[in-house]
Structure formats: C-alpha cells, structure tokens
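In this chain, residues are counted from 1 in sequence order.
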Amino acid sequence: MSETVIQTNNLTKEFTKLRGISSPRNFFDKVSFAAVKSINLTVSRGEIFGLLGPNGAGKTTLTKMLCTLILPSGGSATICGYDLARQQAQVKASIALISSEERSFYWRLSGRRNLEFFAALYGLSRKRARQRIPEVLEVVGMSDAADRRFQEYSTGMKQRMALARGLLAEPDVFFMDEPTKGLDPVAVRDLHEFIRNQLTAQGKTVILATHDLAEAEEVCDRVGIMQGGRMKAEGKVSELAGDASLADFFHNLIAGPETQS
Ligand SMILES: Nc1ncnc2c1ncn2[C@@H]1O[C@H](COP(=O)(O)OP(=O)(O)O)[C@@H](O)[C@H]1O
Ligand SMILES: [Mg+2]
C-alpha cells in the first residue's frame with residue numbers, strides 16, 4: 001500500500017471583506033467568502049498531483065494553507081503525518097514552495113550568496129551548506145552562473161534558483177504554484193523533465209498548481225479539478241477529459257470563460 005503524504009479533511013479558507021461599494025448603504029458590513037471550500041484530498045508518496053483550474057479557483061490559497069503560510073478557517077490536514085495547525089515547524093521542514101511570484105531573493109547578491117543565506121535560514125550547518133550548494137547548483141544547471149548577481153538572471157534562471165533553493169534542505173514534498181509562468185518553451189520542458197525524472201525518482205511528492213491543461217496532462221499523474229474553491233473531480237487528465245459533466249470546465253479552461261455560449 002502506498003504511503004499517504006498529504007491528507008486534508010474539509011480544509012476551508014474564508015476571507016472576510018467589507019461590503020464596500022458593492023453595497024454603499026452597508027459599506028462597513030463584513031461579508032465572508034470561501035476561497036477554498038471543504039477540500040478532501042489524499043496524495044501518496046511519489047505522486048505528481050496537479051491542482052488544475054482557472055484563475056481564482058483557489059489553487060494558490062489551498063497551496064498557501066498547505067505550506068503554513070496562511071491559516072485555515074476550517075477543517076484540518078496532515079503533511080508527512082504532521083498536523084498542519086499544531087506541528088507547523090515539522091510541516092515547514094518537510095516541504096518546499098516554488099512559485100512564479102519570486103520576490104524573496106536578494107537581487108543585489110549573487111545566486112550562490114542567496115543560497116548561503118537560505119541554507120542558514122533553513123538550519124543547515126555551514127559544512128553541510130558548503131557541500132549542498134554546489135550540488136543543487138549542478139542539478140539545476142546554474143553552476144557557471146552562480147556568482148552573477150541575481151538581478152542579472154533571466155526569468156528561467158531565476159526559476160532555476162528558486163528550484164535550487166527548494167532542493168537545499170532535501171524536503172519530501174514540493175509545492176509548485178504556476179512554476180512555468182513566464183518561462184520560454186525550452187525552460188518549461190527542462191522543468192517538466194526535472195519534475196518527472198529527478199524529483200519523483202527520488203521519491204519526492206509534487207503538488208503542482210496550474211491553469212494549463214497541457215502542462216497538467218504532460219506532468220501530473222493525477223489532477224484535482226478546482227473551480228470556485230471546490231474540488232469538482234479527481235483523476236487522470238485522460239479519464240477526466242472524457243467526462244461529459246466536465247466538458248464546460250475543460251472548454252472554459254482552454255478558451256476562457258468569455259467565449260462560453
Ligand atoms: N488575501 C485575500 N483576501 C481576500 N480574497 C482573497 C485573498 N487571496 C485570494 N483571494 C480570493 O480567493 C479566490 C481564490 O484565489 P486564488 O487562491 O489566488 O486562486 P488561483 O490561485 O486558483 O488563481 C479569488 O477570488 C481571490 O480573489
Ligand atoms: Mg494562483
């Protein structure tokens with residue numbers, strides 16, 4: 001039997017906001033809205049699981065909750081057996097988040113210096129960091145560019161550094177939120193190959209959020225179809241694509257909702 005790495009139980013995130021100008025008379029009334037609604041998800045070790053859905057579906061919110069970056073407002077989850085709410089430190093030590101919204105690197109420092117900084121932050125000893133940094137630079141193909149300033153890197157190189165940083169502490173689970181956004185086709189292919197050939201070969205588990213059907217089909221073993229904060233279906237893309245009840249979902253995902261007749 002395969003080992004469960006992620007398990008969520010009615011995991012929910014509500015945001016509250018003021019009614020504001022949508023209802024001028026009750027401007028200051030608070031309304032709550034669920035960005036993620038009662039998600040029940042089970043992911044096994046070594047799986048590449050896709051969160052597939054259009055913008056606003058709740059993929060990033062779900063990912064951030066599972067990475068302990070925002071607190072759930074309901075339900076529970078375990079990552080590698082650790083409780084998301086009560087064992088945050090252990091959860092953090094088990095995961096890496098790689099997203100396309102990369103603002104946390106120090107742009108004036110070199111790639112290598114950045115990795116030294118993050119290795120210390122993640123609690124690697126100096127000795128371990130000296131060993132590990134050249135390894136991860138090699139793995140992502142950034143050894144030659146490691147001593148250039150981060151700000152000089154192309155989008156693809158920045159993404160490689162984000163991956164290198166994620167690899168530093170050798171976590172079990174990788175969360176990737178739209179990781180190929182803004183990359184050229186060669187860089188996209190490299191990242192997909194890296195996920196499929198290297199990460200899963202090492203028994204890593206990957207949760208990949210994307211609005212790109214082709215990406216989900218190419219990379220993911222299984223996907224969860226997300227829409228309006230809900231998980232509508234789960235399975236292999238090839239199976240789900242033939243499901244008549246999901247025809248509108250796939251149509252809108254490819255063509256955009258405005259073309260719906
Ligand atoms: N901090 C927040 N406060 C209020 N609403 C939010 C916040 N973050 C996300 N949302 C809303 O939650 C919904 C889901 O957003 P998100 O998780 O970013 O979706 P996706 O990543 O699938 O595009 C959207 O309607 C978005 O506007
Ligand atoms: Mg998102």
Side-chain angles (χ1 to χ4, degrees), residues 1-16 32-101 166 169 171-179 195 199-200 203-213 215-217 219-237 239-240 243 245-246 249 253:
M1 218 184 80
S2 56
E3 180 192 346
T4 297
V5 168
I6 296 173
Q7 175 116 47
T8 75
N9 174 23
N10 291 327
L11 197 64
T12 298
K13 180 68 188 183
E14 289 179 357
F15 291 113
T16 47
S32 75
F33 122 94
V36 170
K37 298 174 188 165
S38 292
I39 302 273
N40 294 299
L41 178 65
T42 304
V43 180
S44 303
R45 179 170 300 281
E47 257 196 301
I48 305 175
F49 188 87
L51 301 173
L52 178 64
N55 286 334
K59 307 179 297 293
T60 295
T61 303
L62 176 58
T63 302
K64 283 184 173 171
M65 276 196 286
L66 294 173
C67 292
T68 75
L69 294 178
I70 56 174
L71 286 172
S73 31
S76 60
T78 57
I79 314 278
C80 299
Y82 299 117
D83 184 87
L84 191 62
R86 283 175 284 129
Q87 296 176 292
Q88 286 197 14
Q90 289 92 328
V91 170
K92 279 196 178 116
S94 310
I95 62 161
L97 170 63
I98 291 145
S99 91
S100 55
E101 312 287 304
D172 280 338
V173 185
F174 286 80
F175 289 93
M176 300 193 176
D177 190 4
E178 310 271 3
I195 295 170
L199 288 183
T200 52
K204 306 296 184 187
T205 306
V206 180
I207 310 294
L208 184 144
T210 182
H211 64 272
D212 183 344
L213 177 60
E215 173 161 89
E217 192 165 18
V219 182
C220 301
D221 301 316
R222 215 155 53 91
V223 298
I225 300 285
M226 285 193 76
Q227 195 172 39
R230 293 195 187 278
M231 191 81 84
K232 291 182 60 148
E234 260 177 63
K236 293 185 195 309
V237 171
E239 294 164 5
L240 297 172
D243 183 335
S245 70
L246 294 173
F249 172 87
L253 197 63

Subject >> Flag side-chain contact, heavy atom, 4.5 Å: Thr61 against Phe15 >> reply: yes
Original post:
Are any non-hydrogen side-chain atoms of Asp172 and Val5 less than 4.5 angstrom apart?
Top reply: no
Subject >> Distance-only donor-acceptor check, side chains Gln7 and Thr42, under 3.5 Å >> reply: yes
Subject >> Expected output: side-chain Asp221 to main-chain Ile48 donor-acceptor under 3.5 Å >> reply: yes
**OP:** Go through Thr68 and Ile79 one step at a time and tell me if the side chain to side chain contact (heavy atoms under 4.5 Å, CB included) criterion holds.
**Re:** CA-CA 10 Å; Thr68 75; Ile79 314 278; over 6 Å; no
**OP:** Please answer whether the main-chain N or O of Gly228 pairs with a side-chain N or O of Lys37 as donor and acceptor at a distance below 3.5 Å.
**Re:** yes
Original post:
When rounded to the nearest 0.5 angstrom, what is the spacing between CG in Leu97 and CZ in Phe174?
Top reply: 11.0 Å
Original post:
Do the side chains of Leu71 and Gln88 get nearer than 4.5 Å, heavy atoms only?
Top reply: yes
**OP:** Quick one: pull up OG in Ser44 and CZ in Arg222 and give me the separation to the nearest 0.5 Å.
**Re:** 6.5 Å
Original post:
Taking all non-hydrogen atoms of both residues, which atom of Gly229 and which atom of Ile39 are closest, and how far apart?
Top reply: O-CD1, 3.7 Å
Original post:
Any side-chain heavy atom of Phe49 within less than 4.5 Å of one from Ile6?
Top reply: no
**OP:** Report yes if the side chains of Val237 and Cys220 come closer than 4.5 Å at any heavy-atom pair, otherwise no.
**Re:** no
**OP:** Verify, without hydrogens or angle tests, whether Thr205 (side chain) and Gly46 (backbone) share a donor-acceptor contact under 3.5 angstrom.
**Re:** yes
Original post:
Quick check: are there more than 12 heavy atoms from other residues, nucleotides or ligands sitting under 6.0 Å from NZ of Lys64?
Top reply: no
Original post:
Between Thr12 and Ser38, what is the shortest heavy-atom contact and its length?
Top reply: OG1-N, 3.0 Å
Original post:
What heavy-atom pair brings Cys80 and Ser94 nearest, and what distance separates the two atoms?
Top reply: SG-CB, 3.9 Å
Subject >> Euclidean distance, Ile207 CD1 relative to Glu47 CD, rounded to 0.5 Å >> reply: 8.0 Å
Original post:
Can you check side chain to side chain contact (heavy atoms under 4.5 Å, CB included) on Leu66 and Leu11, steps first, answer last?
Top reply: CA-CA 10 Å; Leu66 294 173; Leu11 197 64; 3.9 Å; yes
Subject >> Flag if over 12 foreign heavy atoms under 6.0 Å of CZ, Arg230 >> reply: no
Original post:
Can you check side chain to side chain contact (heavy atoms under 4.5 Å, CB included) on Asn9 and Asn40, steps first, answer last?
Top reply: CA-CA 5 Å; Asn9 174 23; Asn40 294 299; 3.7 Å; yes
Subject >> Any side-chain heavy-atom pair of Leu51 and Thr210 under 4.5 Å >> reply: no
**OP:** Specify the closest pair of heavy atoms between Pro171 and Ala96, including all atoms of both residues, with the distance to one decimal.
**Re:** CG-CB, 3.6 Å
**OP:** Report yes if the side chains of Met65 and Thr8 come closer than 4.5 Å at any heavy-atom pair, otherwise no.
**Re:** no
Original post:
Under 4.5 Å between any side-chain heavy atoms of Pro72 and Lys13, yes or no?
Top reply: no
**OP:** Check the surroundings of atom CZ in Phe249: do more than 12 heavy atoms from other residues, nucleotides or ligands lie under 6.0 Å from it?
**Re:** yes
**OP:** Determine yes or no for a side-chain-to-main-chain donor-acceptor pair under 3.5 angstrom, with Lys59 supplying the side chain and Met226 the backbone.
**Re:** no
**OP:** Kindly compute the distance separating CG (Leu208) from CG (Leu52), expressed to the nearest 0.5 Å.
**Re:** 10.0 Å
**OP:** Please report the closest heavy-atom contact between Leu253 and Gly53, naming both atoms and the distance.
**Re:** CD1-C, 3.7 Å
Original post:
To the nearest 0.5 Å, how far apart are CD in Glu178 and OG1 in Thr63?
Top reply: 9.0 Å
Subject >> From Lys204 atom NZ to Arg45 atom CZ, the distance as rounded to the nearest 0.5 Å >> reply: 8.5 Å
